[in-house]
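Reading through the structure tokens given below for one structure.
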Amino acid sequence: MSTTTLFIEGTYFAASILFVLGLRGLSRPETARRGMFLAEFGMLLAVIGTLLNRDIISYEWIIVGLLAGSTIGVAMGLWVPMTAMPQRTALSHAFGGLAAALVGVSEFLRHGEHLGTFKVTALGFEVLLGGITFTGSLIAFAKLQELVKGAPIVYRGQNVLNLLLFSSAAVVFVMLVLTPANTWLFYAMCALALLFGVLLVLPIGAADMPVVIALLNSYAGLASAATGFALGNNVLIIAGTLDGGSGFILSILMCKAMNRSITNVLFGAFGSASPASADAGAEGVMREVSVDDVATQLAYARQVVFVPGYGMATAQAQNAVRELASLLESRGVQVKYAIHPVAGRMPGHMNVLLAEANVPYSQLYELEQINPEMPTTDVAVVIGANDVVNPEARDNPKSAIAGMPIIEVDRAKSVIVLKRGRGKGFSGLENPLFFKPVTGLLFGDAKTSLTRLASAVREL
Amino acid sequence: MSTTTLFIEGTYFAASILFVLGLRGLSRPETARRGMFLAEFGMLLAVIGTLLNRDIISYEWIIVGLLAGSTIGVAMGLWVPMTAMPQRTALSHAFGGLAAALVGVSEFLRHGEHLGTFKVTALGFEVLLGGITFTGSLIAFAKLQELVKGAPIVYRGQNVLNLLLFSSAAVVFVMLVLTPANTWLFYAMCALALLFGVLLVLPIGAADMPVVIALLNSYAGLASAATGFALGNNVLIIAGTLDGGSGFILSILMCKAMNRSITNVLFGAFGSASPASADAGAEGVMREVSVDDVATQLAYARQVVFVPGYGMATAQAQNAVRELASLLESRGVQVKYAIHPVAGRMPGHMNVLLAEANVPYSQLYELEQINPEMPTTDVAVVIGANDVVNPEARDNPKSAIAGMPIIEVDRAKSVIVLKRGRGKGFSGLENPLFFKPVTGLLFGDAKTSLTRLASAVREL
Amino acid sequence: MNEVLMAGLYVFVLAAFLGYQVISRVPPLLHTPLMSATNAISGISLIGSIVTAGAQYNRVSTILGVIAVTAATINVVGGFILTDRMLRMFKREKGPETK
Amino acid sequence: MNEVLMAGLYVFVLAAFLGYQVISRVPPLLHTPLMSATNAISGISLIGSIVTAGAQYNRVSTILGVIAVTAATINVVGGFILTDRMLRMFKREKGPETK
Ligand SMILES: NC(=O)c1ccc[n+]([C@@H]2O[C@H](COP(=O)([O-])OP(=O)(O)OC[C@H]3O[C@@H](n4cnc5c(N)ncnc54)[C@H](OP(=O)(O)O)[C@@H]3O)[C@@H](O)[C@H]2O)c1
Ligand SMILES: NC(=O)c1ccc[n+]([C@@H]2O[C@H](COP(=O)([O-])OP(=O)(O)OC[C@H]3O[C@@H](n4cnc5c(N)ncnc54)[C@H](OP(=O)(O)O)[C@@H]3O)[C@@H](O)[C@H]2O)c1
């Protein structure tokens, strides 16, 4: 082993350790940033090590790529608004999948039929997973960005078609491994993977995208790991596996938080129409309340709990919430925020938005912590959340969301719901909460309503 | 790779996974046994795989070894009493170290000077660590079994001698790596390691043995890992590293629970004499109480907390405690057990003894859980514990045990201490708890006292 | 090749276990930064792309390589910047109002 | 040899991290069984000893090997039996009095 090789190997080894340390840092907010610095340093080392690789003949194109990527990366990193995080994540998984797939393709181009079974298998996985991730993530991005309609796109025989597609990809893969000389099989597999990515994600509703994104994250990671096997490179295997694990765990956590199986999310076309049936009971009068009434209630409460949901994100109302909360606090009201694990459109979505608005995380409470406090809460303010506070999930075992843990705002002394109209949540279900005597509705865009509430409180 | 090799590799791979799963099972009592079955199965697989190794020519001696080991192992496993666990653990680390060292020696014997730098280094570590573990653990065993006196054996220049010994071992090691042809260096190193193990442990007091044992555990593990490097065998590396980590973490936890540094434990000769000085204040009258008084107090209490210590282990009083507790519970008294992390003579010592006596672990409380309850506890019964309930640790920053977290029995409404006489704890410090007005002393062997208490309660 | 495979498998399995342990300790509070962090880290495929882009095996390979370098770099740079931007926002206690 | 070393190092470091994560989740309640379990697992050096004892490189080697096999087997067998004996005793709730 020459000194250079030793150095390169050393950077990879160090990078592996630094990645693990980096992710470990994320176990506490206090150590998270430092952890990320370690990971960044690891990445830098690995890149420097790679640049010394003997196989590299010319650097110009590498530099072009690095510069172009950095420019776009910096732009995206600095200017993407926090509310657009779900889309951004989807888009960058697309890039990740693309990169992995392209490396695989070019390796195959280069060695073609001379690859051994092991390498072909690894490359096959790489390209398959990379391809699915690429197109699947693009569709997820389009849905979240509302370039295509967010609701599930369903047609007859969909699941059968997808299954067929998947099996043919698998068959082609096996044939390729058996006869690597038939290079067309490789390209057929690429095409199938790309198509499968599209068709897999199309029928899934926008609000279920987070699960899909996490899964695609996991695929992207596994594609990197496969690259690692193909190149015999451990840091790729480690980093890829860590990512794969992360995506997998997050998708499991989300499914648990919705009490739905991963199959239901992927193939259930959840949130598509289904008007009627089970929610017959949820009729009645909605009690509309005025801004002044609510302001008085809030100002004289002992404890107020804000329950943000997807509507807060679309209305970009996080700062308005925080302002109202500060006003209330200066009047001696105890303010807390209740964060449901699947509120919004990605895991931790609400936490990030509120952090952006400067809400300290000691005021954010998880489901299990806040529910016992509900009966002693004077006012629960639901800001553009719907499914995550739907008592049907708890009370009606026949409901489509039965068994999903909810934030039990209906146990509070008074509930105020901020929403624009009679719109439903992602699930498409009616929410009996809105018809309960304890609930008052304040219609209007969440941000506008909150700003008006704040002025009203100020004038009290 | 032939099918046999593939099979062997497969068993090792499976064993590695099973070991990890096995240890993971230990994170909850409900899954612990299942976890251990997995680990056992992994071990079985690895052994079967090894028996297929091509290098093996004759099986007779292997079978002799396996049979002899199994017989002794079964005997030790079935008949060692729980109270002797600390000694048993020490003894088996000695075996572990011995096995690792012998494999190293015989590898060296076989290849001698023809070993490459890398292999010599690995073998060197193996033999060094194995040798230290072997003799060190034997001494630890002897101390705990009271074959040699438990108190620290100290003499002038001790630390200097140990340092010298350690450095010469290191120097010899480096020389050996540089000139593997000088085989005598190897044997010199073995001798130094064996000697160092003895001298390292001799000056350490019996109650500090758990830390030493955990450290030696860690060395034994690392010795196995070194074997793995030498033989290019991953399962050895993994299993060895897991053990090494476990021992290391346990020793750190113990040191934290005593607020002492690992250096202080190893080189401080803690618990040796030091009569007088700081504990001048701890004089006064001990209030002796009668069995009947205590029985009445216990029987009419609302909450009683038992605080077991080393004395419970020596008196083998765990069943007597449980019996008394059952009696009290049948009278409606709430009974809890407070377990200090370093009570007794090994981590988790008290938990195992109480579990043996059929105490459900939902009644066992850790330090942080029980201390807040002390002020509402009617009677705290200290059963052969001393240092772990010494208020000096909390109140006197000059004390030798200052800063060690304690179970604050002195905050309870009444304290009863069961001990044989005016004996001190391991630290050799006087305990002002015994002179506080709230404390009553019930002298006598813990088991006898508890049995008498039980009869007295029965007669009430 | 089989030895490389075996070694790779060990690394893979250990990393999978480790990933599981480490990630499952990340609190829900930080799940969004976690996603963006793993996204940045998955940009490690950069090191495969760089070689492809620079080795000049053939023209197509180079073009694919450059695209891959660009895509992976976007993830690395963008991902880390974004993660840090998010993490900077998380504060335990009330800081001075920054509006 | 250097590749074997590198692969070994990766396995070692990952196992160390993993060990740290796994072991630090073991509650104090089970620390004694943990010690005895790791003790049993460390008997894995058995697989080195078995080859030494059976390969008949030379007489000394065989003798050392047999001793090593015996010592390691004691740990494996004794350790696992003892661990199980302990773990069987832990019960969450009050069982029927077994005395
Ligand atoms: N976060 C994740 O990781 C994740 C993952 C998988 C699935 N999901 C799913 O996503 C859903 C999230 O639930 P959620 O309660 O947060 O949201 P939701 O159920 O989708 O409801 C959003 C509510 O916000 C209101 N709204 C929309 N824009 C508004 C604006 N500008 N001002 C005020 N109100 C506005 C809507 O009513 P109007 O139209 O009347 O205004 C609607 O009732 C759940 O079904 C969950 O299962 C989330
Ligand atoms: N557990 C661990 O892992 C670990 C690790 C490192 C260090 N240590 C050290 O070990 C010590 C453990 O503290 P500890 O409170 O459990 O024990 P301790 O401080 O050693 O005290 C034991 C007490 O038990 C009494 N005793 C002995 N035999 C008895 C019998 N048959 N009946 C009744 N009483 C009896 C003794 O008093 P009489 O002689 O008057 O009866 C003595 O006061 C601490 O200093 C700790 O730092 C433990």
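Labels below follow one simple rule: chain letters A, B, ... track the order of the sequence lines, proteins then strands, and each chain is numbered from 1. Owing to the predicted nature of the structure, the values given are computational and were not obtained by experimental measurement.
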In terms of heavy-atom pairs under 4.5 Å, which option from B:Gly77, B:Pro29, B:Gly348 contacts chain D the most? B:Gly77

Pairwise side-chain contact, D:Phe12 with B:Phe229, heavy-atom cut-off 4.5 Å (strictly under): yes

Could you check whether any side-chain N or O of B:Arg322 sits under 3.5 Å from a backbone N or O of B:Leu354, counting only pairs where one atom can act as donor and the other as acceptor? no

Interchain contact, D:Leu29 with chain B, by part (heavy-atom threshold 4.5 Å): both

For D:Thr83, which atoms come within 4.5 Å of any heavy atom of chain B: side chain, backbone, both, or neither? side chain

Considering only heavy atoms and a distance below 4.5 Å, find which of B:Met85, B:Glu60, B:His349, B:Glu30 pairs most often with chain D. B:Met85

With sequence neighbours left out, the residues meeting salt bridge (Lys or Arg N to Asp or Glu O under 4.0 Å) with B:Arg110 are B:Glu107

So B:Met43 and B:Phe19, side chain to side chain contact (heavy atoms under 4.5 Å, CB included) or not? Walk me through it. CA-CA 8 Å; B:Met43 188 63 80; B:Phe19 290 156; 3.9 Å; yes

Just give me the residue among D:Val77, D:Val69, D:Ile47 that pairs up with chain B most often, heavy atom to heavy atom, under 4.5 Å. D:Ile47

So which residue, B:Arg54, B:Arg28, B:Glu366, ends up with the most heavy-atom pairs under 4.5 Å with chain D? B:Glu366

Under 4.5 Å, counting heavy-atom pairs only, tell me which of B:Ala39, B:Ala100, B:Gly232 racks up the most with chain D. B:Ala39

Just so I understand: if I count every heavy-atom pair under 4.5 Å between each of D:Ile23, D:Ile74, D:Ile81 and chain B, which residue has the most? D:Ile74

Where on D:Val76 is there a heavy atom nearer than 4.5 Å to chain B: the side chain, the backbone, both, or neither? side chain

I need the residue from D:Ala16, D:Pro33, D:Gly8 with the largest number of non-hydrogen atom pairs under 4.5 Å to chain B. D:Gly8

When B:Val103 is tested against each of B:Leu236, B:Leu123, B:Leu98, B:Thr227 for side-chain contact (heavy atoms from CB on, under 4.5 Å), which residue passes? B:Thr227

Which of the residues D:Gly79, D:Ser36, D:Ser49, D:Pro28 is involved in the greatest number of heavy-atom pairs with chain B at under 4.5 angstrom? D:Pro28

Heavy-atom pair count under 4.5 Å with chain B, highest-scoring of D:Val22, D:Val26, D:Val11, D:Asn75: D:Asn75

Between B:Ile62 and chain D, which part of the residue has a heavy atom less than 4.5 Å away: side chain, backbone, both or neither? both

When rounded to the nearest 0.5 angstrom, what distance separates CZ in B:Phe248 from CG in B:Asn217? 12.5 Å

Is B:Ala220 in contact with chain D via its backbone, its side chain, both, or neither, using a 4.5 Å heavy-atom distance? neither

Please look at B:Tyr361 and chain D and tell me whether the side chain, the backbone, both or neither of the residue comes under 4.5 angstrom of a heavy atom of that chain. both

Engaged part of B:Ala214 at the chain D interface, taking heavy atoms whose separation is under 4.5 Å: both

If you count heavy-atom pairs under 4.5 Å between each of B:Thr241, B:Val105, B:Leu231 and chain D, which one has the most? B:Thr241

Using side chain to side chain donor-acceptor pair (under 3.5 Å), reason through D:Thr62 and D:Gln56 one step at a time and then give a plain yes or no. CA-CA 6 Å; D:Thr62 305; D:Gln56 303 203 318; 5.6 Å; no

In chain order, what residues pass the side chain to side chain donor-acceptor pair (under 3.5 Å) check against B:Glu356, with sequence neighbours excluded? B:Gln318

Less than 4.5 Å to any heavy atom of chain B: does that hold for the side chain of D:Leu30, its backbone, both, or neither? side chain

Which portion of D:Leu14 sits near chain B, non-hydrogen atoms under 4.5 angstrom: neither

Specify which of D:Gly54, D:Gly19, D:Gly78 makes the most heavy-atom pairs with chain B at under 4.5 Å. D:Gly54

If you count heavy-atom pairs under 4.5 Å with chain D, which of B:Gly116, B:Ala225, B:Gly96, B:Ser246 comes out on top? B:Ser246

Please lay out, stage by stage, how B:Met346 and B:Ile213 fare under the test side chain to side chain contact (heavy atoms under 4.5 Å, CB included). CA-CA 9 Å; B:Met346 81 185 297; B:Ile213 293 179; over 6 Å; no

Give the C-alpha distance, both sets of side-chain angles, the deciding distance and a yes or no for side chain to side chain donor-acceptor pair (under 3.5 Å) between B:Thr50 and B:Tyr12. CA-CA 9 Å; B:Thr50 307; B:Tyr12 290 169; 2.8 Å; yes

